[in-house]
Amino acid sequence: MADRNPFLPVSSSDGFNPTGTQVNRRKLIKQLLTIFVGLLAVGLFAALLIGNNGSDNAHVNENEHGSLASSTSKKPESLRPVSRGPAAGVSEKSNRPFANVDGNLPWNNSMLSWQRTAFHFQPEKNWMNDPNGPLFYKGWYHFFYQYNPNAAVWGDIVWGHAVSKDLIHWLHLPLAMVADQWYDKNGVWTGSATILPDGKVVMLYTGSTAEAVQVQNLAYPADHSDPLLVHWVKYHGNPVLVPPPGIDEKDFRDPTTAWLTSEGKWRITIGSKINKTGIALVYDTKDFINYEQLDGVLHAVPGTGMWECVDFFPVSKTEENGLDTSVNGPGVKHVVKVSLDDDRHDYYAVGTYHEKNSTWIPDQHEIDVGIGIRYDYGIYYAAKTFYDQNKNRRVLWGWIGESDSEAADKQKGWASVQSIPRTILFDKKTGTHLVQWPVEEIDSLRLNSNEFNQVTIQAGSVVPLDIGPATQLDIIAKFEIDKEALEKTTGSNLTFSCSTSGGAAERGALGPFGLLVLADESLSEQTPVYFHIAKGSDGNLKTFFCNDQSRSSEASEVNKQIYGSIIPVLKGENLSLRILVDHSIIESFAQGGRTVITSRVYPTKAIYGAAKVFLFNNATDASVTASLKIWQMNSAFIRPYPNDKKS
Ligand code: DQQ
């Protein structure tokens, strides 16, 4: 007979007792009710906390220099959802507002499969974060990355490894380093490669010890004659550096690529903080085993918190090529980049490196690193450059996380992609910015194209672009706003900022205008990538470059922020855009890459054949003329290295 009382114990120690059973049953039901009511209350409370339709609670405002300063309305730490990372001694590792959301997800398999990218680097499954130790060696580009082999969430971190001939098509290799020593038991964390003058490679990385202390370790290839660098050896005397006095054991991580001093020593910097001041500690070494900590710091900025993944590299003021990390001298500026643990954005500044006292001074203090310009005004973190001696260029990698819920990531079985590698150069025109541009190799994926010349977009209109499939695209566009309207318009809103505006739906005299990508026919889902021009009462123009995710998906548990920044547009420059659309990622570059915005979007309708592209102009006073070329993009080959070929 079927058990009619499935909640009751099958037997009790005091034998069969109908009365007792009834009492127990009532008790149990009462307990269950209490638990249920409790859960409901917690759920409602959590819903209230999460609220705000996915905004991340950090309201951001563009300042004069195109930077975003975080401010206001942060919920007390104790009231926010718990997430992994901080407890392990490292930053937040999920899309926080939805970290613990498990609700009714709208996703079905076909939607989730569509989200996987076609020409961005990602492992076959599971979680990935920071780029590690990129380098070019014996004909191969090597890419290592923070990887969880066990789940689609952060944890159990080891080094994934892949190789490529062209930075586009990748072959997955076995894990390069796993957490098999006491000094990296809690994780093989971020690190950087240095190529020595004899061509050999050394790798410095952070290990989180069994006690979660952050230490620096040395590793090197087991066989330098293997171009694939499949096997790695950890130095038997690791760790080579432990947190120095005055530095918290959980605030000492992510060693940079080393550069040579004029004395012939190697110098590295490591991110840390003292109270709320972000700092970059400096060490000299001759052999990567013994280190001397130098007095002071390379640089410090009060109020910026822990500096993760510091990057330090030279750029040429005059030439169009990249520089090896050790290059210094006339015509060279130095860039410091930090990843701010507190707001999870990458900031850089251009300045001067003083080798003698091992310091770096920003050119403009008001746009110092961490309070000024960002690499990317969307979702982009823990970036790292390397000097590509093959093509004489500096290449930037950046981690692009998910902005959906962790529950959805688990359901799809993977999380995160890497940006298309970007060449990075000093922006000679502004003198303050860098320009980032997808590596030229990406052009090899271009298939057939459509051109649209001098399309007039009247104020308040949308123009469909008939291009066929629209989920893998490379778009180049130029816009010209009606000159007469530009001159006639008087003093529009100069307090404009992308993130606090009403997005692409909010009309101004001179904008917004641009493209709607990943949009369905009815425009119920769309991601506008656009410019907005504001004119002050003094007649001065300010241009903003934004990306509006508020209608990117009908699903509610995804980030719907409006990203963006003010962007310098210099005399004689057209407004120009390049957009790479690759399923759930949109990388957009304005003014030749002076300002970049990356979005992860998760449409439910504008997918597969239903995804379309439109031009739009939501200005009230000006028409806009657009010229575009749109290529369909092929998929990259990203697959395991054929087993028989691995050594
Ligand atoms: N990710 C690594 C750390 C680094 C952080 C751990 C930045 O080394 O500080 O996965 O995302």
Side-chain angles (χ1 to χ4, degrees), residues 83-96 99 123 126-134 144-161 175-179 183-193 203-209 212-217 219 239 241-243 247-257 268-273 278-281 304-311 337-347 370 374-376 379-385 397-403 415-419:
S83 96
R84 67 190 58 74
V90 75
S91 63
E92 193 70 44
K93 294 299 168 195
S94 61
N95 178 28
R96 193 158 203 185
N126 292 328
W127 167 274
M128 167 175 70
N129 56 296
D130 317 353
N132 290 157
F144 304 88
Y145 53 93
Q146 295 282 279
Y147 182 58
N148 180 352
N150 304 319
V153 296
W154 186 85
D156 301 342
I157 293 294
V158 299
W159 275 36
H161 183 193
L175 299 176
M177 290 193 277
V178 297
Y183 52 77
D184 58 17
K185 198 88 198 136
N186 190 41
V188 189
W189 288 0
T190 282
S192 307
M203 203 64 92
L204 285 175
Y205 72 93
T206 299
S208 177
T209 70
V213 177
Q214 293 167 13
V215 299
Q216 315 312 324
N217 302 310
L241 277 173
V242 297
I247 294 297
D248 191 276
E249 55 190 25
K250 285 194 173 140
D251 293 334
F252 183 58
R253 56 184 181 269
D254 311 333
T256 57
T257 293
I268 58 163
T269 177
I270 300 176
S272 186
K273 73 169 160 101
I279 60 172
L281 301 163
T304 54
M306 176 67 194
W307 285 4
E308 297 188 311
C309 304
V310 175
D311 201 12
K337 185 281 305 190
V338 301
S339 302
L340 288 197
D341 194 0
D342 283 3
D343 75 1
R344 315 206 26 76
H345 296 309
D346 277 18
Y347 293 81
R374 278 168 53 182
Y375 267 161
D376 193 303
I379 180 169
Y380 189 88
Y381 195 63
K384 187 179 292 298
T385 63
W397 280 100
W399 163 42
I400 296 161
E402 300 292 325
S403 58
S416 307
V417 299
Q418 298 291 332
S419 65

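As the structure lists them, so they are numbered: ligands from 1, and atoms in each ligand from 1. Just so it is clear, the model here is predicted, and its values are computed rather than measured.
Here the heavy atom of the protein found nearest to atom 11 (O) of ligand 1 is Lys93 NZ, 2.6 Å. Counting protein heavy atoms only, atom 6 (C) of ligand 1 is closest to Gln146 OE1, 3.2 Å. Scanning the protein heavy atoms around atom 1 (N) of ligand 1, the nearest turns out to be Asp130 OD2, 2.7 Å. Atom 8 (O) of ligand 1 has as its closest protein heavy atom Asp254 OD1, 2.6 Å.
Classified by interplanar angle (parallel below 30°, tilted 30° to 60°, perpendicular above 60°), the ring pair His161/Phe144 is parallel.
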inquiry  = Evaluate Ser339 against Asp346 for side chain to side chain donor-acceptor pair (under 3.5 Å), listing each step before the verdict.
reply    = CA-CA 4 Å; Ser339 302; Asp346 277 18; 2.7 Å; yes
task = For the pair Arg253 and Asp341, evaluate salt bridge (charged side-chain N to carboxylate O under 4.0 Å, His left out) and give the outcome as yes or no after the intermediate values.
result = CA-CA 12 Å; Arg253 56 184 181 269; Asp341 194 0; 3.4 Å; yes
query = Can you list the steps and then say if Thr206 with Gln214 is a side-chain contact (heavy atoms from CB on, under 4.5 Å)?
reply = CA-CA 6 Å; Thr206 299; Gln214 293 167 13; 4.1 Å; yes
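In terms of polar-atom proximity, Thr206 is not counted as a contact of ligand 1, lacking any N or O under 3.5 Å from an N or O of the ligand. Not a single N or O atom of Trp399, backbone or side chain, sits closer than 3.5 Å to an N or O atom of ligand 1. Below 3.5 Å of separation, one finds an N or O of Thr190 facing an N or O of ligand 1.
Residue Tyr205 is tested with Thr190, Asn132, Asp184 for a side chain to side chain contact (heavy atoms under 4.5 Å, CB included); the sole match is Asp184. Put simply, the residue from Thr209, Val213, Val215 that forms a side chain to side chain contact (heavy atoms under 4.5 Å, CB included) with Val242 is Val215.
Side-chain contact between Asn129 and Tyr381 is absent, with no heavy atoms from C-beta onward closer than 4.5 Å.
Proximity of Asp341 to ligand 1, defined as any heavy-atom pair under 4.0 Å, is not found for any part of the residue.
Interface of Trp154 with ligand 1, defined as ligand atoms under 4.0 Å from a residue heavy atom, comprises 10 (O).
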